[in-house]
Amino acid sequence: MAPANEPLPGTSDLWEPEVTDWVLLEQAARDIFGRYGYGELRTPIFERTDVFVRSIGDDTEVVQKEMYTFEDRGGRSLTLRPEGTAGTMRAIACHGLADGEQLRVFYMGPMFRGERPAAGRRRQFHQVGVEAVGGLEPYQDAEAIAMLVHYLEAIGVSGGRVRLNSRGLPEDRAAVSAAMRQHFAPRAQDMCPDCQRRLDSNVWRILDCKNPACQAAVEGAPKMVDLLGDESRGFFAAVCRGLDQLGVAYELAPRLVRGLDYYVHTVFEVVHSGLGAQDALAGGGRYRIGLPGVKRPLDGVGFAAGMERLLMARESLGLKAAGRPGADVFIVALGDEAIPAGLGLAQALRRTDLGLRVLAGLGGRSLKAQMRAAHREGARWALILGDNELAAGTIVCKTMATSEQETVRRDDLADWLRKAAAAPAAAAPATASTP
RNA sequence: GUGGCUGUAGCUCAGUCGGUUAGAGCGUCUGGCUGUGGCCCAGAAGGUCGGGGGUUCGAGCCCCCUCAGCCACCCCA
């Protein structure tokens, strides 16, 4: 295949029948999130670069090396959104939010990060996410997590594990970092070079390191939750209490940190064993984001799930796309007069209240070839229209599943189809074969 | 950005030690059956062997470069 026709690395074309699965994820999101009072928000796919930098944090991996940033003709720096929260917050700030007002939104769509593609990681990937903004209630966090679990159930993804931790408030961080440094400094010589550097720059991340030596050093590390102030500890306890009430199973993950700067208090993720190395299905937490022109930072809680990964999890569980449904009617037209007549007949049938899916053989191919096409398209009925039938004002109706056929007057065709459609469908509805 | 594996027909893949005209299955088209699908049978179309360079009398096969895909690291969804 000519490279010029291939999609860019980390992007892909999406064909039937996979599209059917995507639609399923989207519809389930609208259904489930709607039950919790969330409404859909669609924000632009690109924003001014600083929208992302200021809320994600310029110190983060995402901002430092993963963003698709470019200049428009006016020389402004724009960026393809690498995640959904920043744009959502910008939109809410623009829209305005009264003191005490709460807003619940969900979104879905493509996100962009300039990473090396791997299993479950693409440069254009898709997330479905939610944000509950304008409140500082621990039970909001619990409900958001419960909603995520509910959604996963709705799309058939079982086997996910909820991992939960708290990063506390910004004012807790100095104490936490100091305690961490105290623990890791004596062990530094055993740790990987990255983590030796992190000792100064980013102690928290050492907790996340997958290097075996570093994990050993992490073993006896103090639990983050124990280092937090009273307010943060109380908040976290309330989140756990809420989850218990909601019947959500979770596990404490003292080492869970997450990569974006805006998180405060609760952080969580859902991991799944069917995904390979990138095992995070969804992640989220509580955040506090300051925006220009807004007096107080916005508090909120949300999560995002990777749609590609949801699909991978479904696949690992044996859930497959059903594919596009077959045609109801295939019109087999024979002869110079009948072919255009078949074109008109197809349109007339599509416009009836029967909601029929109608295809017509338009190319003057042989009867046999058209019958093959009818079969391949999964048609329930083949309607044969030759010059003979045209002259007689009739049409031959063949039921594919039984091979029975009868000659029907054109005037009676709609009634015939209505009756045939009402009759119990033959066996399993056929599925069109996919090109 | 670093590393490993893989690129042969629309798809999934064979291809021996470097040796004549690169194969199979599936799919597509046509015919067997003049106006009747599936199953069966026969035939046909379809290839710059990812691309470029090199070694050789001769390269799908060996060497170098490059592009792409997959996987892993980093990080995350």
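All chains are named by letter (A, B, ...) in the order of the sequence lines, taking the proteins before the strands, and each is independently numbered beginning at 1.
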Sugar-phosphate only, base, or nothing, as touched by A:Arg122 at under 4.0 Å among non-hydrogen atoms: base

Nucleotide B:U48, atom P - distance to CG of A:Asn5 in whole Å: 13 Å

Between C1' of B:C76 and NZ of A:Lys65, the distance in whole Å: 11 Å

Side chain A:Gln370 and base B:U36 donor-acceptor under 3.5 Å: no

Carboxylate-amine/guanidinium contact A:Lys419 A:Asp415, below 4.0 Å: no

Proximity to the side chain of A:Glu389 - top-ranked nucleotide from B:A77, B:G35, B:G37: B:G35

Proximity to the side chain of A:Ala280 - top-ranked nucleotide from B:A77, B:C73, B:G35: B:A77

Pairwise C1' distance, B:C61 and B:C74 [rounded to whole Å]: 37 Å

Side-chain N,O (A:Arg376) to OP1/OP2 (B:C29) below 4.0 Å: yes

Under 3.5 Å on both distances, the Watson-Crick or G-U partner of B:G18: none

A:His375 side-chain N/O to A:Met400 backbone N/O, donor-acceptor pair under 3.5 Å: no

Between B:U16 and B:U34 - P atom distance, rounded Å: 46 Å

B:U8 versus B:U30 - spacing of their P atoms, nearest Å: 29 Å

Among B:U36, B:C76, B:G31, the one nearest A:Ser366 by side-chain distance: B:G31

Distance between P atoms of B:C26 and B:U21 (Å, rounded): 28 Å

Candidates B:C76, B:U36, B:C70 - which lies nearest the side chain of A:Arg309: B:C76

Atom pair distance, as rounded to whole Å: CE in A:Met108 and P in B:A77: 18 Å

Watson-Crick or G-U counterpart of B:G60, or none if no pair lies under 3.5 Å: none

Most 5' of A:Asp387 and A:Gly283 on RNA chain B, judged by nearest nucleotide: A:Asp387

N or O in side chain of A:Arg365 less than 4.0 angstrom from B:C29 OP1/OP2: yes

Closest to side chain of A:Pro9, choosing from B:G69, B:A72, B:G37: B:G69

Check: A:Thr266 side chain, A:Ser166 main-chain N or O, donor-acceptor pair, under 3.5 Å: no

Residue pair A:Val62 / A:Glu83, side-chain heavy-atom distance below 4.5 Å: no

Proximity to the side chain of A:Met371 - top-ranked nucleotide from B:C71, B:A77, B:G37: B:G37

Length of the line joining A:Leu383:CG and B:U36:C1', which is rounded to integer Å: 13 Å

N/O donor-acceptor pair, side chain A:Gln278 with base B:A72, under 3.5 angstrom: no

Salt bridge present between A:Arg409 and A:Asp412 (N-O < 4.0 angstrom): yes

Heavy-atom side-chain contact between A:Val267 and A:Arg286 under 4.5 Å: no

Value in whole Å for how far the P atom of B:G10 lies from CD of A:Glu6: 13 Å

Under 3.5 Å: donor-acceptor pair, side chain of A:Asp328, backbone of A:Arg357: yes

Rounded distance in Å between the P positions of B:C40 and B:G4: 46 Å

Side-chain donor or acceptor of A:Glu40 paired with backbone N/O of A:Arg30 under 3.5 Å: no

Under 3.5 Å side-chain donor-acceptor pair for A:Thr20 and A:Glu16: yes

Heavy-atom side-chain contact between A:Val130 and A:Val105 under 4.5 Å: no

Sugar-phosphate only, base, or nothing, as touched by A:Ala369 at under 4.0 Å among non-hydrogen atoms: sugar-phosphate

B:C57 versus B:G18 - spacing of their C1' atoms, nearest Å: 12 Å

Touch class at under 4.0 angstrom, heavy-atom based, for A:Ala374 against every strand present: nothing

Under 4.0 angstrom between A:Arg121 side-chain N/O and B:A72 OP1 or OP2: no

Sugar-phosphate only, base, or nothing, as touched by A:Gly120 at under 4.0 Å among non-hydrogen atoms: base

N or O in side chain of A:Lys368 less than 4.0 angstrom from B:G37 OP1/OP2: yes

Test item: A:Arg123 side-chain N/O and A:Glu115 main-chain N/O as donor-acceptor pair under 3.5 Å: yes

Value in whole Å for how far the C1' atom of B:C71 lies from CD of A:Glu115: 15 Å

Nearest-Å distance once atom C1' is located in both B:G3 and B:A45: 43 Å

List, with names and distances, any nitrogen or oxygen atoms from the protein found under 3.5 Å away from nitrogen or oxygen atoms belonging to nucleotides 2-8 of chain B.
{"from": "B:U2", "atom 1": "O4", "to": "A:Arg116", "atom 2": "NH1", "distance (Å)": "2.7"}

Pairwise C1' distance, B:G54 and B:U20 [rounded to whole Å]: 24 Å

Candidate nucleotides B:A77, B:C73, B:G35, ranked by approach to the side chain of A:Arg113 - the nearest: B:A77

Partner nucleotide, any strand, of B:G3 [Watson-Crick/G-U, under 3.5 Å]: B:C71

Presence of A:Arg123 side-chain N/O under 4.0 Å of B:A77 phosphate oxygens OP1/OP2: no

Nearest to side-chain heavy atoms of A:Arg372, which nucleotide of B:C76, B:G38, B:U36: B:G38

Touch class at under 4.0 angstrom, heavy-atom based, for A:Glu269 against every strand present: nothing

Complementary nucleotide for B:G43 - Watson-Crick or wobble, under 3.5 Å: B:C29

Sugar-phosphate only, base, or nothing, as touched by A:Leu281 at under 4.0 Å among non-hydrogen atoms: sugar-phosphate

